K.L.:
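Dumping the structure here so I can ask a few things about it.
This is a predicted model, so every value here is computed, not measured. Reminder, nothing fancy here: chain letters follow the sequence lines and each chain counts from 1.
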Amino acid sequence: MANDMLSGTPPAGALRSSWRRLTAPVPLMGWLLGSLGAALLELAAGGAVAGLLGLDKIPLLFGFLIAFKQPLAIPGVLAYDILVYLLPVLLVGRLSAPPVNRLVAALYRLPLVVSVLVHLGLLYAALHLWSGVSDYRVLMLNLMLIAIMLTLSLNLINGYMGEFSCSHPGFMALGAYAASIFSLVLFVDDRIFGQALLPAAAGPWLFPVALVAGGAMAAVGALVIAIPSFRTRGDYLAIISLAFLFIVKSMIENLELVGGPRGLGGQPGYAGLTTVFIWCVLCIWIINNFVRSTLGKALNAVRDDELAAEAMTIDTRRTKMTAFMFGAFWAGIAGGLYAHVLQHVTPASFDLRMLAEMLAMVYFGGLNSVYGSIVGALSLSVLSEALRPLELIKWIFIPLLLILVMIFRPRGLIAFKEFNVRDIVKPKA
Amino acid sequence: MPLLDVKKMTHYFGGLRAVHDYHLSIEPGQIRGLIGPNGAGKTTIFNLLTGIHKPTEGEILLDGNSLVGLFPHQIAALGLGRTFQNLCLWRHMTVLEHVMLARYARLDYGLVGAFFGTAKRQRQEAESEIVARKLLRMLGIEDLAEQNVLNLSYGNQRRVEMARALATEPKILFLDEPTAGMTPEELIQMMAIIRQVHAELGLAIFLIEHRLKMVMELCEQIQTLVFGEVIAEGTPEEIQNNPQVIEAYLGKETLH
Ligand SMILES: Nc1ncnc2c1ncn2[C@@H]1O[C@H](COP(=O)(O)OP(=O)(O)O)[C@@H](O)[C@H]1O
Ligand SMILES: [Mg+2]
């Protein structure tokens, strides 16, 4: 302590507490407004700032992409992040805090859904503006939102229920292919499936049906796994679900009707940012509702002591089956979105590597936690994208990171934390 | 007709005969006791009645309906609530969550309610919380409601188990050594709680107990089990004076 004062550097504790004092009165809406401001600023002056800092163009993903390719640009990128993102967000957030708090408090007195929708609207606006700069950002954002859905639905099984499922990419593939076939058969003049059966204009309106069909397909797949796996207590699920993943993959590869190993392309671009955003929000909302209900908490009871759960009237087998199918359903929805975002899917992409990435997101973010899944999916998506130029090293780095997390935080970053929407949209001070 | 009627129940674990030709009939509102040395098969009898094991032979009737072959959760929902000798709590949950979860069979908002948070769900969960808090108050652990169960003392953990079992609204409460590991004060409190629960909820209680004083004071009828067989059955006085019991059980106890 005395040493710190002598050397003139503020102790870390003091820094942290002054940071906390600075940010404590800012409600979530303040941060959202700040983000909106930052996005607007970038739109207006991003290019100029980048030029001044000696960057060729604005960093597309906060500089994570450039960092490994051109290490010399790192100081410029950092300065850009601070000038264009950090400072505006902090300034707007902090300065607007008093009036925004009053606004938030007024909204808070209305039904919760009003507050939530206003917050979501602001979040969407900020994301929309930020990603409007380049198609790459839209793609990244879409994939990140899909990753959140996958992580959360896998967390339901591996975290909340405490089983170990490996079949999530398989469910995703089922959803991707089912939704793709739905769209292609009905709305596209396609080489494989022939003339469109319905006018193309109806496509976007029936896209939810396509997705739900994909989700249902995945849920049926889950039922096939669940029946033998949950018959008796024991760790059969990991093995059976892994086998299922391989079966789905090779089944698709051998099905010429859906393009075999070449995959299936030409899906109409129904999955824009708005659509993916809405589905992601729906997914979080519904899963969070579920895990906070007694029916959902029964999963935790099954995980922590199955015998006690049975003795307390909980139908453990049904609980496990429904949760497993429910998780698969969302993986199927995510798969359908994925196919329509990329507008091309190949069976090869639903492989062990994808499984590893999903598992990493779940375990890194934190078991039994909606927050954790969101944080895990976002951070590992960015990391994975940043490390992409390093290809092979990436596959050393991510497992290494996972091992470190397992050692120092065995349950992940933000495990076992309840995601209480009412608290999130609460006014501060 | 008795509430619970068990006839000729026998159970083998492989070659080991854990329970032999067991009979029991419990009337509504009775407090019955089951004593016997360690390994006599007392817990096994609970496990058989609550469906964890299926008896090799015999009949179990609740209100005249057979329980044999039903799943434990079905039997629990029909009215056999229980606690465990070695606490079986859910390690990541709060006290309140424990008790509310035991209301599982009483909720009928279904998956739609769970997914979309319907008004019906809000209402049923709120009612469930009221019931749960009432039980916690009855057991004197209301102020621990928001605590994780692992933070509780052993005695309080036992109370959570009991509150949780009561939340299933049992007709008969099965208590497997509810005072094991408790301090003398906790023991006295637990006896008072059992009396209070019995008086207020009017349910039947079937008690396994190691401490004889407790069974003698609480129970109207006591069975003594040795090597899976009932060697004596009767009122506390009869049991206390039964030479077989003294030999098999009390004799050993008084030696210590
Ligand atoms: N699941 C089981 N599998 C095999 N043997 C068991 C099992 N449960 C209990 N036993 C055996 O049955 C006998 C009775 O055990 P238990 O009912 O736990 O006795 P008590 O509760 O009277 O102390 C013991 O010999 C025990 O080892
Ligand atoms: Mg026992």
K.L.:
Give the minimum heavy-atom separation between A/Thr313 and B/Ala102, together with the two atoms involved.
P.N.:
OG1-O, 3.8 Å
K.L.:
Checking heavy atoms, do the side chain of B/Arg121, its backbone, both or neither come under 4.5 Å from chain A?
P.N.:
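Contact with chain A involves the side chain of B/Arg121 alone.
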K.L.:
Determine whether A/Asn289 and B/Phe115 satisfy the following criterion, side-chain contact (heavy atoms from CB on, under 4.5 Å), listing intermediate values before the conclusion.
P.N.:
CA-CA 5 Å; A/Asn289 270 338; B/Phe115 292 159; 5.7 Å; no
K.L.:
Does any backbone or side-chain atom of B/Phe116 lie under 4.5 Å from a heavy atom of chain A? Answer side chain, backbone, both or neither.
P.N.:
both
K.L.:
Output yes when a side-chain donor or acceptor of A/Asp304 lies under 3.5 Å from a complementary backbone atom of B/Leu89, and no otherwise.
P.N.:
no
K.L.:
Taking atom CE of A/Met217 as the centre, report whether more than 12 heavy atoms of other residues, nucleotides or ligands fall under 6.0 Å from it.
P.N.:
no
K.L.:
Apply the test side-chain contact (heavy atoms from CB on, under 4.5 Å) to residues A/Met312 and B/Glu161: give CA-CA distance (whole Å), side-chain angles for both, the deciding distance (0.1 Å), then the verdict.
P.N.:
CA-CA 10 Å; A/Met312 296 308 132; B/Glu161 273 226 341; over 6 Å; no
K.L.:
So which part of B/Leu78 gets closer than 4.5 Å to some heavy atom of chain A, the side chain, the backbone, both or neither?
P.N.:
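For B/Leu78, there is no contact with chain A at all, as no heavy atom is under 4.5 Å.
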K.L.:
Tell me which donor-acceptor pairs under 3.5 Å the side chains of residues 68-75 of chain B have, and how far apart each pair is, sequence neighbours excluded?
P.N.:
{"unit_1": "B/His73", "atom_1": "ND1", "unit_2": "A/Glu310", "atom_2": "OE1", "d": "3.1"}
{"unit_1": "B/His73", "atom_1": "ND1", "unit_2": "A/Glu310", "atom_2": "OE2", "d": "3.3"}
{"unit_1": "B/Gln74", "atom_1": "OE1", "unit_2": "B/Phe71", "atom_2": "N", "d": "2.8"}

K.L.:
Is it the side chain or the backbone of B/Leu101 that comes within 4.5 Å of chain A heavy atoms, both, or neither?
P.N.:
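Both backbone and side chain.
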K.L.:
List the steps, then state whether side-chain contact (heavy atoms from CB on, under 4.5 Å) holds for B/Phe84 with A/Asp305.
P.N.:
CA-CA 12 Å; B/Phe84 294 88; A/Asp305 195 317; over 6 Å; no
K.L.:
Please name all residues satisfying side chain to side chain donor-acceptor pair (under 3.5 Å) with B/Asp108, sequence neighbours left out, ordered by chain then number.
P.N.:
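Scan of B/Asp108 (side chain to side chain donor-acceptor pair (under 3.5 Å), adjacent residues dropped) gives B/Gln124.
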K.L.:
Table please: side-chain donor-acceptor pairs of residues 53-61 of chain B below 3.5 Å, with sequence neighbours left out.
P.N.:
{"unit_1": "B/Thr56", "atom_1": "OG1", "unit_2": "B/His11", "atom_2": "ND1", "d": "3.4"}
{"unit_1": "B/Thr56", "atom_1": "OG1", "unit_2": "B/Tyr12", "atom_2": "N", "d": "2.9"}

K.L.:
Quick check on the interface: out of B/Glu125, B/His92, B/Met93, who has the most heavy-atom pairs with chain A under 4.5 Å?
P.N.:
B/His92
K.L.:
Mind checking which of residues 292-302 of chain A sit less than 4.5 Å from chain B, heavy atom to heavy atom?
P.N.:
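Those residues of residues 292-302 of chain A which have a heavy atom under 4.5 Å from chain B are A/Arg292, A/Ser293, A/Thr294, A/Leu295, A/Lys297, A/Ala298, A/Asn300, A/Ala301.
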K.L.:
CG/B/Leu111 to CE/A/Met325 distance, rounded to the nearest 0.5 angstrom?
P.N.:
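Between atom CG of B/Leu111 and atom CE of A/Met325 there are 10.0 Å.
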K.L.:
Find the distance between CG (A/Leu307) and CD1 (B/Ile52) and round it off to the nearest 0.5 Å.
P.N.:
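So the gap between those two atoms works out to 4.0 Å.
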K.L.:
Flag the one option from B/Met100, B/His98, B/Arg164, B/Arg91 with the top tally of heavy-atom pairs under 4.5 Å to chain A.
P.N.:
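That would be B/Arg164.
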